[in-house]
Amino acid sequence: MKNCPNCGNLCDDAVAFCNQCGTPLNGGAYRAYDPADHTAEFEAEDISQNKVLAMLPYLMGWIGIIIALLAVDNSKYVAFHVKQALKIQVVTILLGIVTALLVWTIIVPIAAGVCYIILFVLQIMAFFQICCGKAKELPIIRGLGFLK
């Protein structure tokens with residue numbers, strides 16, 4: 001049994017939070033779980049050796065995706081980022097088709113321009129995640145059900 005540092009309540013040793021005030025009992029070392037963060041699923045060696053290959057799909061589009069797929073030696077880290085980049089490229093193509101079909105309207109080309117900027121920002125976010133050795137699903141793109 002241990003005492004809560006905040007309210008003094010007596011708590012079991014197995015619990016992580018005080019059942020009276022909710023204070024973390026492990027010295028504040030509690031970490032929130034992020035379901036979009038898949039970094040722990042990959043080996044550190046795989047991440048460090050394949051960062052450049054993982055960057056190619058975001059930097060070069062379809063050509064980078066093809067180069068990364070051809071150059072990778074069963075790297076799960078690169079495969080994760082290729083899937084993310086493929087989602088971005090598919091959304092870009094679909095956005096282009098919708099824009100081409102509805103170009104005669106005023107609002108659709110403006111909205112498409114905003115969406116292209118958002119997709120570009122997502123690619124920049126993914127690039128910096130790779131620089132940090134992370135494998136997080138990108139916002140907006142993570143909700144798309146294809147390429148799981």
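These numbers come from a predicted model, not from an experiment.
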Residue pair S75 / N50: nearest heavy atoms and the distance that separates them: OG-ND2, 3.1 Å

Heavy atoms of other groups near E41 CD, more than 12 under 6.0 Å: yes

Side-chain heavy atoms of L144 within contact of I141, under 4.5 Å: yes

Audit row: I65, Y58, side-chain contact (heavy atoms from CB on, under 4.5 Å) steps and yes/no: CA-CA 8 Å; I65 290 170; Y58 299 113; over 6 Å; no

Over all atoms of both residues, closest heavy-atom pair of A112 and L95: O-CD2, 3.8 Å

With H38, the side-chain hydrogen bond (donor to acceptor under 3.5 Å, both in side chains) member among K76, K136, K134, E137: E137

Donor-acceptor contact present, side-chain Y116 to main-chain G96, <3.5 Å: yes

same_hphob_cluster(L86, I97) at 4.5 Å side-chain heavy-atom cutoff: yes

From K51 atom NZ to C132 atom SG, the distance as rounded to the nearest 0.5 Å: 7.5 Å

Atom CD1 of I63 with >12 non-hydrogen neighbours under 6.0 angstrom: no

Test item: Q123 and F120 side chains (from C-beta on) under 4.5 Å apart, heavy atoms: yes

Over 12 foreign heavy atoms within 6.0 Å of CG, L70: yes

Linked hydrophobic residues, V103 as query - side chain contacts closer than 4.5 Å: none

Within-4.5 Å side-chain heavy-atom neighbours: Q49 and Y77: no

Side-chain touch N3/L10, heavy atoms, less than 4.5 angstrom: yes

Atom pair CD1/CG of I124 and L138 - distance to nearest 0.5 Å: 12.0 Å

Side chains of Q129 and T39 in contact at under 4.5 Å (non-hydrogen atoms): no

Atom of L102, atom of P109 and distance for their closest heavy-atom approach: O-CD, 4.1 Å

Option among I66, L56, L69, L53 that satisfies the side-chain contact (heavy atoms from CB on, under 4.5 Å) test with V82: L69

Spacing of R142 atom CZ and Q84 atom CD [to the nearest 0.5 Å]: 9.0 Å

Note, C131 side chain near F127 side chain (heavy atom, < 4.5 Å): yes

Verify same cluster id: W62, I67 (apolar side-chain graph, 4.5 Å): yes

Verify same cluster id: M60, M125 (apolar side-chain graph, 4.5 Å): yes

In one Ile/Leu/Val/Met/Phe/Trp/Tyr side-chain cluster, 4.5 Å: I110, W104: no

